[in-house]
Amino acid sequence: MDWVRETPESLNRAQLPLDSIEHLTVLQTLAWNRQAQKWTVRFRISLPELDANCCLAATEWYLTVDESYPLGRINIYPAKDKGITETHPHQSYNHEGEAQLPWRAGNICVNTPAKIIGRHGYDVEPYNPENRLLWHCQRAVEWVRSASRGELILPGEPFELPHIPPFCEVEDSVRFSEGAIDTSLWSNDHAACGRAGLFNLSTSEKTWFLDVLRGPKNEEVLRVHWANYLTRHKGRTWDGIWLRLPQMPSTKPYRFCETWGELREALSEQGVSLRATLRATAKSLRDGEAHFLLLGFPIPAVYGGVSAVMHWMVVALAPLSRGKQHPNGFRANEEGYVENDMRQVLRPNRQLVYLKTENWHGNQIQTRGRFHEELRNSRVAVVGCGALGAPIAEMLVRGGVFHMTLFDGDKIEIGNLSRHTLSMRDLGYGKAARLALRLNSLNPHAEVGCVPTRIATGNEEISRQLLESDIIIDCTANDEVLYALSAISFSRSVNFFTLSVGFRAKRMFCYQAKVTSFPVDEYLTEISPWIEAERNEFKGETYPREGIGCYHPVFPARCDDMWLWASVAAKIISAAIDDPKPTEPSLHVYEQKEDGSISIGEATAVPVCG
């Protein structure tokens with residue numbers, strides 16, 4: 001039972017060194033909190049160097065520990081009695097918290113990867129029972145000391161936005177797309193407020209996307225380019241007001257505003273009038289419907305750095321005044337409505353309602369890894385969307401190659417799924433069309449088109465589309481396709497990659513050429529000895545068959561082999577495009593080791609079979 005729960009021996013040992021921490025006094029040793037289902041320690045931090053009237057001079061805290069100690073979470077919260085009430089940097093929003101708990105909600109971040117706490121040497125959190133509790137408490141003392149000096153954030157450290165009050169947030173969210181700040185767009189010579197338009201998805205009504213910003217004269221200031229997937233699934237539209245600010249609107253020490261009164265004050269400190277904004281923008285929004293206020297402001301990449309990107313936050317607007325909704329002494333006109341808005345709709349004590357926002361620009365959503373800029377900006381054609389072409393295309397799109405056209409005239413069959421990226425939902429449909437749907441769904445900026453037909457000599461429409469490409473990746477292993485490619489004359493040099501896999505996927509053949517017309521004869525001259533060698537090497541082996549009869553031979557290779565070669569191919573393509581040095585057309589042959597290991601090396605000679 002909870003009330004007779006015994007303290008684990010590991011925690012008993014862990015709390016012993018806490019009394020040795022300078023400026024920290026343990027007020028209550030380990031106790032089990034039934035409501036939180038945590039072990040807790042209450043302590044006081046006293047900093048004698050601070051004035052006694054300073055709110056940080058003597059503060060009380062609760063440390064909470066998971067039952068799985070030394071694993072699990074350790075958090076440190078201000079006590080409701082004699083704890084801090086403000087929200088500081090590197091702290092969760094410090095509201096009152098749950099009524100049944102003796103601590104507030106403002107967990108302080110002492111285990112951030114950044115060296116924020118006094119820049120001491122104990123930056124790596126230990127996980128042994130004797131030191132982990134001690135480490136957190138030591139850093140809590142330094143956190144309070146840094147807060148008293150205003151040094152929780154220092155110039156050069158990664159910038160973080162304050163927390164939005166959790167009780168002010170709703171489920172709806174808004175996505176925008178902002179790259180590096182466009183000084184020509186966001187200079188003082190341009191509009192600072194106007195009408196904004198959002199749209200949601202037919203598949204997700206609470207997910208909104210910024211579409212357009214318009215100026216005071218309804219001129220288009222900014223149109224966000226969202227690509228295929230989002231525009232195809234557009235749902236309802238929603239109108240509101242946008243307002244550009246010189247800097248982030250916040251309340252000290254470090255939190256976003258809770259009420260309209262706090263927001264009005266934060267805007268006023270920047271010389272911005274919410275009343276004037278309503279006068280300029282709200283007239284056409286007096287329709288009895290809820291709208292929104294979109295607030296944009298520049299933020300740096302690091303504290304103290306130059307402005308790097310525009311950030312947008314969204315506050316819900318209750319229906320604005322109309323009809324007879326005007327104060328006594330005012331007429332039923334825009335001046336009277338604005339006055340009523342300021343007194344009632346946006347009254348100072350009214351709580352703000354925030355919609356979560358995210359920046360979905362490629363620079364933000366692909367920080368985990370993407371290809372270099374030249375490859376990302378290229379227009380790529382993938383010819384053949386089978387077991388090799390499909391994973392190559394997917395890797396390229398996931399890596400930021402968003403302008404792509406797929407060429408394939410085949411349909412998806414059940415046997416394809418043993419090594420293809422598509423699924424049973426796609427059976428019976430064209431490979432190119434269904435793969436394009438999948439690739440477009442991977443990124444909001446992907447524009448993947450398809451040509452659901454085989455490439456053949458003399459097809460002018462196919463030739464026209466291929467002529468727009470900077471890179472052509474052929475994965476068909478079909479000589480007819482190569483002859484058709486060779487018949488197309490480009491006005492500039494194009495990067496050709498012809499990729500095919502040998503029997504049982506032991507080898508991959510990659511022919512690379514940067515030319516104005518694909519050199520099919522040279523390619524066949526180089527590849528022929530390898531094809532003959534493979535025939536001799538695997539002489540007597542038969543192709544597996546799919547279905548009944550003698551007309552269904554299939555190429556033997558497992559999906560792990562095909563996707564392995566697709567990964568190698570993506571690296572080859574990336575390296576080739578990144579290398580500015582001109583190279584002669586060449587064939588490279590890669591093979592897996594004989595012992596079955598996954599080491600891959602480039603073959604240097606055609607194998608000779610006895």
Side-chain angles (χ1 to χ4, degrees), residues 203 226-233 366 370-371 375-376 378-456 459 461-462 465-466 468-478 481 484-485 496-501 505 508 546 554-555 557-570 572-574:
T203 55
W226 298 109
N228 185 288
Y229 181 83
L230 297 184
T231 55
R232 195 161 45 86
H233 290 89
Q366 291 198 297
R370 59 179 178 173
F371 294 111
L375 177 53
R376 296 200 315 270
S378 298
R379 305 190 72 88
V380 176
V382 177
V383 182
C385 301
L388 185 61
I392 290 174
E394 180 158 330
M395 289 174 193
L396 292 177
V397 170
R398 288 186 183 276
V401 179
F402 297 145
H403 301 288
M404 182 180 291
T405 306
L406 308 174
F407 295 80
D408 198 305
D410 291 342
K411 294 183 178 181
I412 281 286
E413 300 175 355
I414 188 65
N416 297 134
L417 302 187
S418 62
R419 60 193 186 197
H420 206 282
T421 60
L422 295 177
S423 71
M424 288 201 295
R425 292 191 302 269
D426 307 301
L427 291 175
Y429 293 97
K431 288 182 181 178
R434 298 301 281 190
L435 183 59
L437 282 176
R438 173 178 171 82
L439 299 184
N440 282 320
S441 73
L442 300 180
N443 194 286
H445 305 291
E447 292 278 11
V448 181
C450 68
V451 179
T453 186
R454 294 177 182 272
I455 290 183
N459 190 319
E461 176 58 23
I462 288 179
Q465 297 204 46
L466 285 169
E468 297 175 358
S469 305
D470 305 306
I471 301 169
I472 297 177
I473 304 168
D474 163 55
C475 301
T476 61
N478 186 313
V481 170
L485 289 175
F496 288 91
F497 296 90
T498 294
L499 300 156
S500 57
V501 173
M508 182 177 73
E546 197 169 77
V554 292
F555 181 78
R558 293 197 319 238
C559 69
D560 55 326
D561 290 314
M562 297 305 293
W563 292 3
L564 175 69
W565 286 127
S567 297
V568 173
I572 292 168
I573 293 165
S574 175

About how many Å separate [atom2] of [Y] and [atom1] of [X], when rounded to the nearest 0.5 Å?
X	Y	atom1	atom2	value
Asn416	Leu422	CG	CG	8.5 Å
Lys431	Cys450	NZ	SG	14.0 Å
Asn443	Gln366	CG	CD	5.0 Å
Thr476	Ile455	OG1	CD1	7.5 Å
Gln465	Arg379	CD	CZ	10.5 Å

Can you give each donor-acceptor pair under 3.5 Å made by side-chain atoms of residues 382-396, sequence neighbours left out, with the distance rounded to 0.1 Å?
from, atom 1, to, atom 2, distance (Å)
Glu394, OE1, Arg438, NE, 2.7
Glu394, OE1, Arg438, NH2, 3.2
Glu394, OE2, Arg398, NE, 3.0
Glu394, OE2, Arg398, NH2, 3.1
Glu394, OE2, Arg438, NH2, 3.0

Return the minimal non-hydrogen interatomic distance between [X] and [Y], and the atom names on each side.
X	Y	result
Phe402	Val397	CE2-O, 3.5 Å
Ala484	Ala456	CB-C, 3.7 Å
Cys559	Ser418	CB-O, 3.3 Å
Leu406	Ala432	CD1-O, 3.6 Å

Would you say [X] and [Y] make side-chain contact, with heavy atoms under 4.5 Å?
X	Y	answer
Leu437	Arg425	no
Glu461	Thr453	no
Arg370	Val401	no
Ile473	Leu499	yes
Leu417	Ile412	yes
Trp226	His445	yes
Leu375	Ile471	yes

With Asp470 via salt bridge (charged side-chain N to carboxylate O under 4.0 Å, His left out) - residues at least two apart:
Arg492
Could you give me the CA-CA distance, side-chain angles and deciding distance for Leu427 and Lys411, then say whether side-chain contact (heavy atoms from CB on, under 4.5 Å) is met?
CA-CA 7 Å; Leu427 291 175; Lys411 294 183 178 181; over 6 Å; no
Where the side chain of [X] meets the backbone of [Y], is there a donor-acceptor pair that is under 3.5 Å apart?
X	Y	answer
Asn440	Tyr229	no
Trp565	Ala505	yes
Trp563	Arg419	yes
Arg376	Phe371	yes

Mark yes when over 12 heavy atoms from residues, nucleotides or ligands other than Arg558 sit less than 6.0 Å from its CZ; otherwise mark no.
no
Give the intermediate values and the outcome of side-chain contact (heavy atoms from CB on, under 4.5 Å) for residues Leu485 and Leu466.
CA-CA 9 Å; Leu485 289 175; Leu466 285 169; 3.8 Å; yes
State which residues pass ring-ring contact (aromatic ring centres under 6.0 Å, His included) with Phe497; sequence neighbours excluded, sorted by chain then number.
none
